[in-house]
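As the structure lists them, so they are numbered: ligands from 1, and atoms in each ligand from 1.
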Amino acid sequence: MGEFDLIARYFAPLGGADPEVRLGIGDDGAVLAPPAGDELVVTCDSLVEGIHLPAGAPAVSWGRRLLAVNLSDLGAMGATPRWALLALTIPEDDTFWLEDFARGFGERAREARVALVGGNTTRGPRAATLTLLGTLPPGSALRRNTGRAGDLVLVTGVLGAAALGRRLWDRGVRAGRRLEPYLDPDPPWRLGPFLRGRATGAIDISDGFLADLGHLLEASGTGAEIEIGALPLAPGLDRVQGGDLELALAGGDDYELCVTVSEERLGVLTAGARDLGVRLTRVGCLTSEPGLRLSDGGRGVPTPRVMGHDHFRSVS
Ligand code: ADP
Ligand code: MG
C-alpha cells in the first residue's frame with residue numbers, strides 16, 4: 001500500500017465531522033475556525049518504541065495511549081480538546097498494526113470529540129507524536145505557577161497503577177487488568193474544564209507524583225506538606241512496603257492530575273469531580289516555607305532519592 005492509500009484508508013476516517021474544521025486531511029495544511037474569542041491551547045507528546053511503550057505492545061494501545069497522554073496535558077490546562085495532528089513513523093506498512101492503531105486512536109478520539117486534521121507519515125523506527133489543540137475562554141487556562149500557600153493539594157484517581165503495570169510487563173506478564181493503567185492510561189481530562197476558575201493551579205502527573213508536584217512548587221514559589229497515609233495508592237500496592245510506596249510517589253506514567261485549591265472551594269470541586277466520576281483525594285497543602293515535606297501520621301518521612309522519571313538525567 002502506498003503512503004496516500006494508507007492515509008486515505010486509516011487516517012482520513014478519523015477526521016470526524018466538525019464544522020469548525022474548514023479543511024481537514026488532504027491538503028498541505030488544515031484550516032480551523034476556533035470559536036470567536038476563545039484561546040487555543042496547544043500541546044505535543046511523543047511515544048517512542050522502547051522508551052514509552054515496550055516493543056511488542058499492542059498497536060491498539062499505541063493509538064489509545066497517544067491520545068490519552070496528550071489529553072492529560074490539555075486537561076491540566078483546563079482546555080476542551082478539539083483537533084489533533086499525528087506524526088507517525090513505522091518500520092513497514094503493516095496493515096494489521098495500522099488497523100489496530102487507528103482503531104485505538106479512533107476510540108479515544110470519539111470519546112473526547114477530537115478530530116484528526118492532519119499529520120505526516122514516514123518509515124523508520126516506530127514512534128508517534130501527537131499535537132493536540134484545545135480551546136478555552138480567554139485568560140482561563142490553569143497554570144502550574146499559581147498555587148498559593150495554604151491551598152490544599154488534591155490528586156485524581158490512584159497513584160502507582162501504571163508503574164506497577166510496567167513492572168509486571170518487565171517481568172513477562174502479557175495479559176490482565178493490571179497492565180491496563182500502563183498500556184492504556186485513562187486520564188481525567190473531562191475534569192479540566194470544570195477546574196477553570198475553581199482550582200488555583202494544576203499539573204498532570206506523568207513523570208511521577210513528587211517530580212510533577214515539585215515542578216508546581218517551584219513555579220508557584222511555595223513548599224508543600226504531603227501526608228503519606230492520605231495518598232490514594234493503586235490496588236495491589238502496600239503502603240508499608242518501601243518499594244511499593246516509591247512506585248506511587250515516583251513511578252510515573254500515572255496521567256492523573258495534581259490540583260491545588262483554596263479550602264473554601266474544596267466542596268465545589270469534590271462535588272464536581274464526583275459528578276464526572278473522577279476520584280479526588282486531598283493529600284496535603286501548600287506552604288510558604290519552600291521544600292517538600294512528607295509525613296506519615298505526623299512523623300516526618302524522608303523523600304525518595306529519585307522523585308520521578310527524567311529522560312536526560314545522568315546516572316552517576
Ligand atoms: P505534504 O507532502 O503536503 O506535507 P503529505 O503528503 O505528507 O502532505 O500528507 C497528505 C495529507 O495527509 C496532508 O493533509 C497531511 O496532513 C495528511 N496526513 C499525512 N499523514 C497523516 C497522518 N499520519 N495522520 C493524519 N493525517 C495525515
Ligand atoms: Mg505539501
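Within the structure, ligand 1 lacks Y10 among the residues with a heavy atom less than 4.0 angstrom away.
Remark: ligand 1 atoms within the under-4.0 Å shell around heavy atoms of G26 are 11 (C), 13 (C), 14 (O). The ligand atoms of ligand 1 that sit less than 4.0 angstrom from a heavy atom of L116 are 24 (N), 25 (C). The I25 neighbourhood of ligand 1 comprises atoms 12 (O), 14 (O), 17 (C), 25 (C), 26 (N), with distances under 4.0 Å to a heavy atom of that residue. Ligand-side atoms of ligand 1 in range of L86: 22 (C), 23 (N), 24 (N), range being under 4.0 angstrom from any heavy atom.
Which of T121, D27, T122 comes nearest to atom 23 (N) of ligand 1 through a heavy atom is settled by distance: it is T121. Between the choices L23, D28, T129, L98, the shortest heavy-atom distance to atom 1 (P) of ligand 1 belongs to D28.
Looking only at side-chain heavy atoms (C-beta outward), D100 and P58 stay at 4.5 Å or farther from each other. Annotation: side chain of R178 is in contact with side chain of L164 (closest heavy-atom distance under 4.5 Å).
Ion pairing between R82 and D18 fails under the 4.0 Å rule for side-chain N and carboxylate O.
No donor-acceptor pair under 3.5 Å is formed between the side chain of R126 and the backbone N or O of T89. In this structure a side-chain-to-backbone donor-acceptor pair under 3.5 Å is present from T200 to T260. Panel note: side chain N70, backbone D45; a donor-acceptor pair is recorded below 3.5 Å.
Residue I7 has no nitrogen or oxygen atom sitting less than 3.5 Å from a nitrogen or oxygen atom of ligand 1, judged on distance alone. The N/O atoms of F4, backbone and side chain alike, include none that comes under 3.5 Å of an N/O atom in ligand 1.
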Handout entry: Derivation of the side-chain hydrogen bond (donor to acceptor under 3.5 Å, both in side chains) call for T95 and R9
Key = CA-CA 10 Å; T95 53; R9 177 147 167 204; 5.8 Å; no
